[in-house]
Amino acid sequence: MTSSIKSVAKPRKSVGARRNPEAEAAVLAAARDLVSEKGYTGFSVEEVARRAGSGKTTIYRWYPTKADLFIAIYTAERHASVPVPDTGDLLDDLEQYTISLWRFWASNPAGAALKSLIAEAQGTTEALEALRHRFLPARTADVRQMLKKGAERDQIREEDVDDKVSLWVGLSWLKLLVNELDQESSVRRLMAQIAGIRST
(Lines give C-alpha, C1' and ligand atoms only; values in the text may rest on other atoms or scores of the structure.)
Protein backbone atom coordinates (compact mmCIF):
# COMPACT_ATOMS: atom_id res chain seq x y z
CA MET A 1 0.00 0.00 0.00
CA THR A 2 2.17 2.81 -1.24
CA SER A 3 1.51 6.03 -3.11
CA SER A 4 3.21 9.28 -3.93
CA ILE A 5 1.06 11.37 -1.58
CA LYS A 6 3.15 12.28 1.46
CA SER A 7 1.83 15.70 2.47
CA VAL A 8 -1.35 17.71 2.49
CA ALA A 9 -2.62 18.18 -1.03
CA LYS A 10 -4.24 21.30 -2.43
CA PRO A 11 -8.06 21.34 -2.23
CA ARG A 12 -9.72 19.60 -5.16
CA LYS A 13 -13.06 20.43 -6.67
CA SER A 14 -15.76 17.78 -7.06
CA VAL A 15 -17.99 17.71 -10.12
CA GLY A 16 -21.55 18.02 -8.88
CA ALA A 17 -23.01 14.68 -7.82
CA ARG A 18 -20.51 12.82 -10.01
CA ARG A 19 -17.17 11.64 -8.71
CA ASN A 20 -14.19 13.60 -9.92
CA PRO A 21 -11.73 10.84 -10.93
CA GLU A 22 -8.70 12.90 -9.89
CA ALA A 23 -10.21 13.72 -6.51
CA GLU A 24 -11.30 10.13 -5.89
CA ALA A 25 -7.86 8.81 -6.82
CA ALA A 26 -6.29 11.24 -4.33
CA VAL A 27 -8.70 10.09 -1.61
CA LEU A 28 -7.95 6.42 -2.21
CA ALA A 29 -4.19 7.04 -2.35
CA ALA A 30 -4.31 8.97 0.92
CA ALA A 31 -6.41 6.22 2.49
CA ARG A 32 -3.92 3.54 1.40
CA ASP A 33 -1.03 5.53 2.86
CA LEU A 34 -2.83 6.06 6.14
CA VAL A 35 -3.76 2.39 6.55
CA SER A 36 -0.14 1.46 5.81
CA GLU A 37 1.15 3.90 8.41
CA LYS A 38 -1.40 3.59 11.21
CA GLY A 39 -3.54 0.55 10.52
CA TYR A 40 -7.31 0.50 10.64
CA THR A 41 -7.58 1.78 14.21
CA GLY A 42 -5.56 4.89 13.33
CA PHE A 43 -7.46 5.39 10.10
CA SER A 44 -9.92 8.30 9.94
CA VAL A 45 -11.90 10.05 7.22
CA GLU A 46 -10.81 13.39 8.66
CA GLU A 47 -7.12 12.60 8.15
CA VAL A 48 -7.77 11.16 4.69
CA ALA A 49 -9.57 14.38 3.74
CA ARG A 50 -6.69 16.50 5.03
CA ARG A 51 -4.07 14.54 3.11
CA ALA A 52 -6.10 14.33 -0.09
CA GLY A 53 -7.18 17.96 -0.06
CA SER A 54 -10.84 16.91 -0.22
CA GLY A 55 -13.83 17.85 1.90
CA LYS A 56 -15.12 15.38 4.47
CA THR A 57 -18.62 15.88 3.11
CA THR A 58 -17.48 14.79 -0.33
CA ILE A 59 -15.79 11.67 1.02
CA TYR A 60 -18.81 10.74 3.15
CA ARG A 61 -21.02 11.16 0.08
CA TRP A 62 -18.88 8.61 -1.75
CA TYR A 63 -18.16 6.38 1.24
CA PRO A 64 -20.80 6.68 3.99
CA THR A 65 -18.56 5.19 6.72
CA LYS A 66 -14.90 4.68 7.54
CA ALA A 67 -15.50 0.97 6.91
CA ASP A 68 -16.81 1.67 3.39
CA LEU A 69 -13.69 3.66 2.52
CA PHE A 70 -11.46 0.88 3.80
CA ILE A 71 -13.45 -1.70 1.83
CA ALA A 72 -12.85 0.33 -1.34
CA ILE A 73 -9.06 0.35 -0.95
CA TYR A 74 -8.99 -3.26 0.26
CA THR A 75 -10.95 -4.36 -2.82
CA ALA A 76 -8.54 -2.63 -5.20
CA GLU A 77 -5.46 -4.03 -3.44
CA ARG A 78 -6.84 -7.55 -3.32
CA HIS A 79 -7.99 -7.49 -6.93
CA ALA A 80 -4.46 -6.58 -8.02
CA SER A 81 -2.80 -9.21 -5.83
CA VAL A 82 -5.09 -12.26 -5.79
CA PRO A 83 -5.78 -13.87 -9.18
CA VAL A 84 -8.85 -16.05 -9.64
CA PRO A 85 -7.80 -19.44 -11.07
CA ASP A 86 -9.90 -21.47 -13.47
CA THR A 87 -8.05 -24.77 -13.83
CA GLY A 88 -11.10 -26.90 -14.53
CA ASP A 89 -10.81 -28.60 -11.13
CA LEU A 90 -12.52 -27.29 -8.00
CA LEU A 91 -9.91 -28.48 -5.52
CA ASP A 92 -7.04 -26.99 -7.52
CA ASP A 93 -8.92 -23.68 -7.85
CA LEU A 94 -9.69 -23.47 -4.13
CA GLU A 95 -6.14 -24.36 -3.15
CA GLN A 96 -4.49 -21.83 -5.46
CA TYR A 97 -6.93 -19.04 -4.60
CA THR A 98 -6.74 -19.58 -0.85
CA ILE A 99 -2.94 -19.66 -0.80
CA SER A 100 -2.82 -16.42 -2.82
CA LEU A 101 -5.29 -14.75 -0.47
CA TRP A 102 -3.50 -15.84 2.69
CA ARG A 103 -0.19 -14.57 1.28
CA PHE A 104 -1.87 -11.24 0.50
CA TRP A 105 -3.23 -10.97 4.03
CA ALA A 106 0.17 -11.84 5.52
CA SER A 107 2.18 -9.38 3.42
CA ASN A 108 -0.16 -6.42 2.87
CA PRO A 109 -1.26 -3.95 5.58
CA ALA A 110 -4.80 -4.59 4.39
CA GLY A 111 -4.66 -7.97 6.12
CA ALA A 112 -4.06 -6.50 9.55
CA ALA A 113 -6.59 -3.77 8.82
CA LEU A 114 -9.22 -6.38 7.95
CA LYS A 115 -8.70 -7.99 11.36
CA SER A 116 -9.41 -4.62 12.96
CA LEU A 117 -12.56 -4.16 10.86
CA ILE A 118 -13.81 -7.58 11.95
CA ALA A 119 -13.14 -6.62 15.56
CA GLU A 120 -14.89 -3.25 15.19
CA ALA A 121 -17.91 -4.98 13.67
CA GLN A 122 -18.46 -6.76 16.97
CA GLY A 123 -19.13 -3.43 18.68
CA THR A 124 -20.55 -0.98 16.14
CA THR A 125 -23.60 -1.32 13.92
CA GLU A 126 -22.06 0.71 11.09
CA ALA A 127 -19.03 -1.57 10.78
CA LEU A 128 -21.19 -4.69 11.07
CA GLU A 129 -23.54 -3.51 8.33
CA ALA A 130 -20.63 -2.66 6.04
CA LEU A 131 -18.96 -6.01 6.70
CA ARG A 132 -22.12 -8.09 6.31
CA HIS A 133 -23.83 -6.34 3.42
CA ARG A 134 -21.05 -4.69 1.42
CA PHE A 135 -17.82 -6.54 2.15
CA LEU A 136 -18.82 -10.21 2.36
CA PRO A 137 -21.10 -10.49 -0.71
CA ALA A 138 -18.49 -8.96 -3.01
CA ARG A 139 -15.44 -10.59 -1.45
CA THR A 140 -16.92 -14.10 -1.47
CA ALA A 141 -18.13 -13.87 -5.06
CA ASP A 142 -14.96 -15.46 -6.44
CA VAL A 143 -15.19 -18.51 -4.18
CA ARG A 144 -18.91 -18.82 -4.83
CA GLN A 145 -18.25 -18.81 -8.58
CA MET A 146 -15.59 -21.52 -8.22
CA LEU A 147 -18.00 -23.67 -6.24
CA LYS A 148 -20.80 -23.11 -8.75
CA LYS A 149 -18.49 -24.20 -11.57
CA GLY A 150 -17.61 -27.25 -9.49
CA ALA A 151 -21.32 -28.02 -9.19
CA GLU A 152 -21.71 -27.71 -12.96
CA ARG A 153 -18.95 -30.34 -13.30
CA ASP A 154 -20.79 -32.53 -10.74
CA GLN A 155 -17.93 -32.24 -8.25
CA ILE A 156 -20.30 -30.97 -5.57
CA ARG A 157 -24.06 -30.50 -5.19
CA GLU A 158 -25.38 -27.09 -6.19
CA GLU A 159 -27.54 -26.90 -3.04
CA ASP A 160 -24.37 -27.11 -0.91
CA VAL A 161 -22.67 -24.03 -2.39
CA ASP A 162 -23.87 -21.52 0.24
CA ASP A 163 -22.80 -23.75 3.13
CA LYS A 164 -19.39 -24.35 1.59
CA VAL A 165 -18.87 -20.60 1.12
CA SER A 166 -19.60 -20.12 4.83
CA LEU A 167 -17.15 -22.89 5.76
CA TRP A 168 -14.45 -21.35 3.57
CA VAL A 169 -14.95 -17.88 5.09
CA GLY A 170 -14.93 -19.29 8.62
CA LEU A 171 -11.70 -21.20 8.05
CA SER A 172 -9.91 -18.35 6.30
CA TRP A 173 -10.90 -15.76 8.88
CA LEU A 174 -9.85 -18.09 11.68
CA LYS A 175 -6.39 -18.39 10.13
CA LEU A 176 -6.26 -14.61 9.69
CA LEU A 177 -7.33 -13.81 13.24
CA VAL A 178 -4.96 -16.28 14.95
CA ASN A 179 -2.00 -15.54 12.64
CA GLU A 180 -1.78 -18.97 11.03
CA LEU A 181 -1.56 -17.79 7.43
CA ASP A 182 1.79 -19.52 6.93
CA GLN A 183 0.29 -23.03 7.05
CA GLU A 184 0.14 -23.42 3.28
CA SER A 185 0.99 -27.12 3.37
CA SER A 186 -2.40 -27.82 4.96
CA VAL A 187 -4.48 -25.79 2.50
CA ARG A 188 -5.19 -28.57 0.00
CA ARG A 189 -6.34 -30.95 2.75
CA LEU A 190 -8.58 -28.29 4.28
CA MET A 191 -10.06 -27.30 0.93
CA ALA A 192 -10.76 -30.98 0.21
CA GLN A 193 -12.68 -31.22 3.48
CA ILE A 194 -14.73 -28.13 2.65
CA ALA A 195 -15.43 -29.29 -0.88
CA GLY A 196 -16.05 -32.88 0.16
CA ILE A 197 -13.55 -34.11 -2.43
CA ARG A 198 -10.83 -36.68 -1.84
CA SER A 199 -7.41 -35.00 -1.91
CA THR A 200 -4.80 -36.55 -4.17
Side-chain angles (χ1 to χ4, degrees), residues 1-9 12-15 17-86 93 96-121 126-146 165 168-169 172-173 175-177 181:
M1 281 189 168
T2 59
S3 78
S4 60
I5 295 180
K6 300 299 181 183
S7 58
V8 181
R12 301 171 186 268
K13 295 181 180 179
S14 59
V15 184
R18 295 176 299 160
R19 297 189 184 188
N20 179 325
E22 181 184 357
E24 185 176 20
V27 166
L28 295 177
R32 283 193 298 271
D33 281 350
L34 191 56
V35 167
S36 294
E37 293 169 18
K38 299 186 177 181
Y40 185 80
T41 54
F43 176 70
S44 71
V45 173
E46 290 77 9
E47 179 62 12
V48 170
R50 187 186 72 81
R51 293 187 180 199
S54 296
K56 288 191 296 182
T57 302
T58 298
I59 295 177
Y60 278 120
R61 186 166 64 246
W62 296 343
Y63 308 103
T65 69
K66 164 185 169 178
D68 286 299
L69 179 53
F70 167 71
I71 289 170
I73 60 173
Y74 173 92
T75 298
E77 294 283 309
R78 175 172 154 165
H79 179 74
S81 303
V82 183
V84 181
D86 188 6
D93 288 347
Q96 291 178 24
Y97 182 80
T98 302
I99 288 175
S100 292
L101 178 63
W102 289 10
R103 287 176 178 174
F104 168 69
W105 281 345
S107 63
N108 193 296
L114 176 57
K115 289 198 288 187
S116 297
L117 173 59
I118 294 170
E120 184 179 72
E126 282 189 350
L128 179 60
E129 290 294 304
L131 191 67
R132 176 185 292 167
H133 298 297
R134 294 186 286 284
F135 182 88
L136 275 173
R139 298 281 52 83
T140 58
D142 294 336
V143 170
R144 186 178 301 279
Q145 185 62 26
M146 291 178 215
V165 170
W168 180 86
V169 171
S172 293
W173 282 16
K175 296 299 185 180
L176 171 67
L177 293 171
L181 296 172

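On a predicted model such as this, the values are computed, not experimentally measured, just so you know.
Ser172 contributes atom OG, which lies 8.5 Å from atom CG of Leu181 (distance to the nearest 0.5 angstrom). Summarising the geometry, atom CD1 belonging to Ile59 is positioned 10.5 Å from atom CD belonging to Glu24; distances are rounded to the nearest 0.5 Å. To the nearest 0.5 Å, the span separating OG1 on Thr65 from CD1 on Ile71 amounts to 6.5 Å. Considering CD of Glu120 and CZ of Phe43, their distance stands at 10.5 Å, rounded to 0.5 Å. Taken from NZ in Lys115 to OG1 in Thr41, the straight-line distance is 12.0 Å, to the nearest 0.5 Å. Rounding to the nearest 0.5 angstrom, the gap separating the CG atom in Leu114 from the CD atom in Glu77 is 13.0 Å.
At a threshold of 4.5 Å between non-hydrogen side-chain atoms, the residues Trp168 and Arg144 do not count as touching. Side-chain contact between Phe135 and Ile118 is absent, with no heavy-atom pair separated by less than 4.5 Å. In this structure, the side chains of Pro85 and Met146 come closer than 4.5 Å at one or more pairs of heavy atoms. Val82 has its side chain out of reach of Arg103: every pair of non-hydrogen atoms, C-beta onward, lies at least 4.5 Å apart.
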Problem set entry | Residues Tyr63, Leu28; criterion side-chain contact (heavy atoms from CB on, under 4.5 Å); working and verdict | CA-CA 11 Å; Tyr63 308 103; Leu28 295 177; 3.6 Å; yes

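When the options Asp33, Ile73, Val35, Leu69 are evaluated for a side-chain contact (heavy atoms from CB on, under 4.5 Å) with Val48, the one that passes is Leu69.
In terms of heavy atoms, Arg51 sits closest to Ala30 at CB-CB, 3.9 Å. Here the shortest heavy-atom pairing between Ala52 and Ala26 reads CB-O, 3.6 Å. Minimum interatomic distance between Ala121 and Leu128 (heavy atoms only, all atoms of both residues): O-CB, 3.5 Å. Across all non-hydrogen atoms, the minimal contact from Pro137 to Arg132 is CD-O, 3.2 Å. Of all non-hydrogen atoms in Ala67 and Leu117, the two that sit nearest each other are CB-CD1, 3.8 Å.
Here salt bridge (Lys or Arg N to Asp or Glu O under 4.0 Å) pairs that include residues 67-76, with residues two or more places apart or in two chains, are Asp68-Arg134.
Using a 30° and 60° split on the angle between ring planes, Tyr40 and Phe70 fall in the perpendicular class, above 60°. Classified by interplanar angle (parallel below 30°, tilted 30° to 60°, perpendicular above 60°), the ring pair Tyr74/Phe104 is perpendicular.
Between Glu46 and Arg50 there is no salt bridge, since none of the side-chain N atoms of the basic residue sits less than 4.0 Å from a carboxylate O of the acidic one.
In this structure, Arg139 contributes its side chain and Arg78 its backbone to no donor-acceptor pair below 3.5 Å.
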